[in-house]
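Okay, structure first, notes after.
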Amino acid sequence: MTSESNELSVDVLIVGGGPVGTALAVELGSRGIRCQVVERRTSKTPQPKAKLTNVRTMTLMRRWGLADEVRSAAPLPPTFPSDIAFVTRLTGWELFRFSNGFSTTVNHDLPYPEPAQQVPQNVLEDVLRARAGSLPNVTWSAGVTVERIEQTADHVIAHATESATGKSLRIRCRYLAGCDGAHSVVRQQLGVEMDGDDVLAHNAAAVFRAPTLWSVVGDRPAAHYWTLNPDTPAALGPLDTSGLWWFQLIEAPAEGRLTDDEIRQSFLRAVGREVPCEVVANGSWTAARLIAQRYRLGRVFLLGDAAHLHPPTGGYGMNMGVGDAVDLGWKLAAVLSGWGGTALLDSYEAERRPVHQRVVDEAVHNFERNPAQLPVLGVEEPGVDGDRTRKQVAEAVRAEKVREFASLGVQLGYRYENSPVVVPDQTDPTPNEVSTYVPTARPGHLAPHVWIDEERCLYDLLGPDFTLLRLGADAPDAEPLLKAAAAAGVPVRVLDLPDPQLRDLFEARMVLVRPDQHVAWRADELVQPDHVIDRVRGAETPSGELAAHG
């Protein structure tokens with residue numbers, strides 16, 4: 001940066017330093033791409049926001065070598081019960097309990113290498129930020145607000161201001177990523193509209209310090225408690241083991257903007273008795289159902305809440321955003337490294353938007369069955385009539401809410417159908433399930449997880465770029481594909497796995513796995529290797545026409 005121009009030049013400017021922007025910085029920085037993160041905040045929010053890093057995102061953390069760090073940083077240890085308890089009030093009747101909510105159990109027989117982890121979003125941000133800060137190609141700037149962007153055919157200029165000094169900055173970049181949340185300035189600058197419903201319900205959110213609440217819980221610990229009663233439909237749970245609790249009042253009055261005393265009274269009603277408690281943070285949020293009409297305009301991209309918004313029910317929001325960062329990150333790196341074609345960048349929206357649409361629908365389905373909507377009249381009545389009502393409510397909870405807390409089919413079963421950078425193999429699509437996940441190596445899907453030994457899984461053996469799996473003892477020679485890849489500058493490593501069971505699982509003798517662990521191509525015989533490489537690197541359109549580098 002020069003004192004005359006105050007202009008900085010980077011490959012990628014990331015606007016927004018939350019978990020999505022920081023994850024993108026980790027992905028790019030790990031690949032040697034110069035990037036700068038600008039974040040308008042100068043301190044962390046006291047609200048935890050997302051509280052779950054799901055099995056897919058924890059697998060991505062493992063991919064970055066961060067899974068153990070996330071678990072170590074989590075205020076709730078991995079052994080803490082991840083049950084979801086539905087109660088009339090915390091001191092009232094327990095109606096129903098889902099065990100192992102969100103798949104946090106460690107079990108080598110399950111179809112993922114990393115169980116989910118209960119961890120507040122602001123703690124996860126710390127872990128990601130520490131990794132990003134250790135990468136020499138990543139620069140971090142707090143207290144910087146981007147106000148305007150302009151772009152030409154070969155670069156983008158962001159006009160920003162330093163909050164501490166009022167100094168104006170010009171940041172020149174090859175590409176810009178808008179990771180700046182629901183009220184994205186980047187999205188507004190692009191003039192991109194959001195389709196959907198911007199107000200499903202207003203909700204209040206708070207953090208309380210209530211150290212004696214553990215004595216109220218007693219021998220019924222859980223990660224979440226949902227209160228089903230006529231006056232305080234809410235959710236609450238521990239943030240740590242010392243007495244910090246999160247609280248959400250569902251469909252709150254006054255658009256969720258409650259005073260500290262009002263939110264405190266709501267919290268105590270949900271508890272069911274007076275307990276010492278202190279309001280640490282008090283805020284509101286609006287449940288919405290929105291998807292950006294487009295995710296890319298020229299050299300500018302939208303990720304995370306800037307591109308898609310939905311209720312937090314199901315724990316998808318932040319996790320989807322991290323997935324956006326990985327998908328776009330390796331593709332930007334490929335283009336900037338010279339071997340990725342223009343279709344690779346186009347594929348970001350083509351792949352992610354249908355996934356988001358499905359997740360938005362699922363999250364809204366779950367939200368429409370929240371404590372404010374479930375039938376609770378008479379649920380707190382004593383005696384036989386009350387018992388009958390509680391049994392009915394418990395059955396409704398079991399039937400209506402199971403898909404929210406057991407959703408591996410959504411977390412792992414998503415696929416990139418009709419992607420311009422995946423080679424289809426004409427096999428029939430698999431069903432879109434919610435709670436059930438059946439691994440498949442059909443192109444566009446996540447490569448099935450397999451343990452190689454007690455410590456290593458297949459994902460651990462994949463290279464940072466493309467990996468060609470040769471499966472079974474009679475797998476074809478890889479040399480023609482490697483030759484085509486080398487001619488195009490595409491980095492590919494070969495992994496020989498002679499186990500015939502893997503050949504049966506992947507249903508092919510050769511499988512090309514992308515940097516994001518999705519299958520790009522599979523076949524028993526290698527035909528037209530040049531076409532395969534050009535397709536997966538984004539240099540060939542689906543119609544077969546070659547595209548120039550971006």
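Starting from 1, each residue takes its place in the sequence as its number. Note that the coordinates shown come from a computational prediction; the quantities given were computed from them, not determined experimentally.
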- Item | side chain to side chain contact (heavy atoms under 4.5 Å, CB included) evaluation trace for L236 with F208 | CA-CA 10 Å; L236 68 158; F208 285 89; over 6 Å; no
- What's the shortest heavy-atom distance between T227 and A270, and which atoms? CG2-O, 3.8 Å
- Task: Evaluate the salt bridge (charged side-chain N to carboxylate O under 4.0 Å, His left out) criterion for residues D126 and R129: first the C-alpha distance (whole Å), next the side-chain angles of each, then the deciding distance (0.1 Å), finally the verdict.
- Result: CA-CA 5 Å; D126 287 343; R129 189 174 303 176; 5.2 Å; no
- Message: Rounded at 0.5 Å granularity, tell me how far CD in E94 sits from CG in D83.
- Response: 8.5 Å
- Query: With a 4.5 Å limit on heavy-atom distance, are the side chains of W245 and C277 in contact?
  - Reply: no
- Any side-chain heavy atom of F506 sitting closer than 4.5 Å to one from L458? yes
- For R514 and A520, the nearest pair of non-hydrogen atoms, with its separation, is CG-CB, 3.5 Å
- Query: Can Q47 and W246 be counted as having a side-chain donor-acceptor contact under 3.5 angstrom?
  - Reply: no
- Inspect the contact between E368 and R289 and indicate whether a charged nitrogen and a carboxylate oxygen are less than 4.0 angstrom apart. no
- Item | V397 versus F98, closest heavy-atom pair with distance | O-CZ, 3.6 Å
- Query: Is it true that the side chains of T427 and D425 contain a donor and an acceptor less than 3.5 Å apart?
  - Reply: yes
- Note on the structure: When rounded to the nearest 0.5 Å, the distance separating CD of Q293 from CG of L302 is 11.5 Å
- Message: With a 6.0 Å cut-off (strictly less than), is the heavy-atom count around CZ of R40, excluding the residue itself, greater than 12?
- Response: no
- Task: Verify whether one side chain among T59 and R62 offers a donor that lies under 3.5 Å from an acceptor in the other.
- Result: no
- Is there a donor-acceptor contact under 3.5 Å from the side chain of R296 to the main chain of S347? no
- Message: Given 3.5 Å as the limit, does a donor-acceptor pair link the side chain of R63 with the main chain of P515, or not?
- Response: yes
- Query: Are W226 and F86 close enough that their ring centres sit under 6.0 Å apart?
  - Reply: yes
- Separation between NE2 of H449 and OH of Y459, rounded to the nearest 0.5 Å: 7.5 Å
- Task: Mark yes or no for whether R131, through its side chain, and A25, through its backbone, hold a donor-acceptor pair below 3.5 Å.
- Result: no
- Message: Below 30° counts as parallel, above 60° as perpendicular, anything between as tilted: where do the rings of W214 and F80 land?
- Response: perpendicular
- Test side chain to side chain contact (heavy atoms under 4.5 Å, CB included) on I149 and V15 and set out the steps. CA-CA 11 Å; I149 60 175; V15 182; 5.9 Å; no
- Query: According to the interplanar angle, ranging from 0 to 90°, do the rings of Y416 and H518 count as parallel (below 30°), tilted (30 to 60°) or perpendicular (above 60°)?
  - Reply: parallel
- Item | Heavy-atom side-chain contact between I84 and E404 under 4.5 Å | no
- Task: Measure the shortest side-chain to side-chain distance between D198 and T286 over non-hydrogen atoms and say whether it is less than 4.5 angstrom.
- Result: no
- Query: Which residue pairs pass the side chain to side chain donor-acceptor pair (under 3.5 Å) test with at least one member in residues 66-80, sequence neighbours excluded?
  - Reply: R71-E114, R71-Q117
- Take atom CG of N418 as the centre, draw a 6.0 Å sphere, and report whether it contains more than 12 heavy atoms from other residues, nucleotides or ligands. no
- Closest approach of Q118 to A223 (non-hydrogen atoms, all atoms of both residues): NE2-CB, 3.9 Å
- Message: Is it the case that the side chain of R187 and the backbone of A306 share a donor-acceptor pair, with hydrogens and angles ignored and the cut-off at 3.5 Å?
- Response: yes
- Query: Do V12 and F301 come within less than 4.5 Å of each other through their side chains, counting heavy atoms only?
  - Reply: no
- Message: On a heavy-atom basis, which atom in V322 and which in P19 lie closest, and how many Å separate them?
- Response: CG2-O, 4.3 Å
- Counting only heavy atoms not in H183, do more than 12 sit closer than 6.0 Å to its NE2 atom? no
- Query: For L258 and L249, what are the C-alpha separation, side-chain angles and deciding distance, and is it a side chain to side chain contact (heavy atoms under 4.5 Å, CB included)?
  - Reply: CA-CA 10 Å; L258 305 184; L249 184 62; 3.8 Å; yes
- Task: Take E381 and T389, measure what side chain to side chain contact (heavy atoms under 4.5 Å, CB included) needs, and give me the verdict at the end.
- Result: CA-CA 8 Å; E381 293 295 322; T389 299; over 6 Å; no
- Task: Salt-bridge test for D361 and R358: reply yes if a basic N is under 4.0 Å from a carboxylate O, no otherwise.
- Result: no
- Query: Side chains of V146 and D180: does their closest heavy-atom pair fall under 4.5 Å?
  - Reply: no
- Mind checking the CD-CG spacing from E380 to D231? Nearest 0.5 Å is all I need. 7.0 Å
- Item | Aromatic plane relationship, H108 with W451 - under 30° parallel, 30 to 60° tilted, over 60° perpendicular | parallel
- Message: Does R273, at its CZ atom, have more than 12 non-hydrogen atoms belonging to other residues, nucleotides or ligands within less than 6.0 Å?
- Response: no
- Please confirm whether the backbone N or O of R41 pairs with a side-chain atom of E39, one donor and one acceptor, at under 3.5 Å? yes
- Report yes or no: does T104 contribute a side-chain atom to a donor-acceptor pair with the main-chain N or O of N100 at less than 3.5 Å? no
- Message: Under a 3.5 Å cutoff, is there a donor and acceptor pairing between the side chains of R415 and T430?
- Response: yes
- Message: Quick check: do N229 and V376 have side-chain heavy atoms less than 4.5 Å from each other?
- Response: no
- Note on the structure: Of all heavy-atom pairs linking L124 and M61, the shortest is CD1-CE, 4.0 Å
- According to the side chain to side chain donor-acceptor pair (under 3.5 Å) rule, which pairs have a member within residues 301-329, sequence neighbours left out? T57-N319, H308-D324, H308-H356, Y316-S407, D324-R352, D324-H356, D327-K331
- Would you say the side-chain atoms of E349 pair up with the backbone N or O of Y295, donor to acceptor, closer than 3.5 Å? yes
- More than 12 foreign heavy atoms under 6.0 Å from NZ of K401: is that the case here? yes
- Message: Between D261 and R264 (salt bridge meaning N to carboxylate O under 4.0 Å), is one present in this structure?
- Response: no
- Do the side chains of L408 and S103 get nearer than 4.5 Å, heavy atoms only? yes
- Query: Just by modelled atom types, is the R269 backbone N or O under 3.5 Å from a matching donor or acceptor in the R89 side chain?
  - Reply: yes
- Mark yes or no for whether Y225, through its side chain, and A222, through its backbone, hold a donor-acceptor pair below 3.5 Å. yes
- Query: Is a side-chain donor or acceptor of N203 paired with a backbone partner of A201 at a separation under 3.5 angstrom?
  - Reply: yes
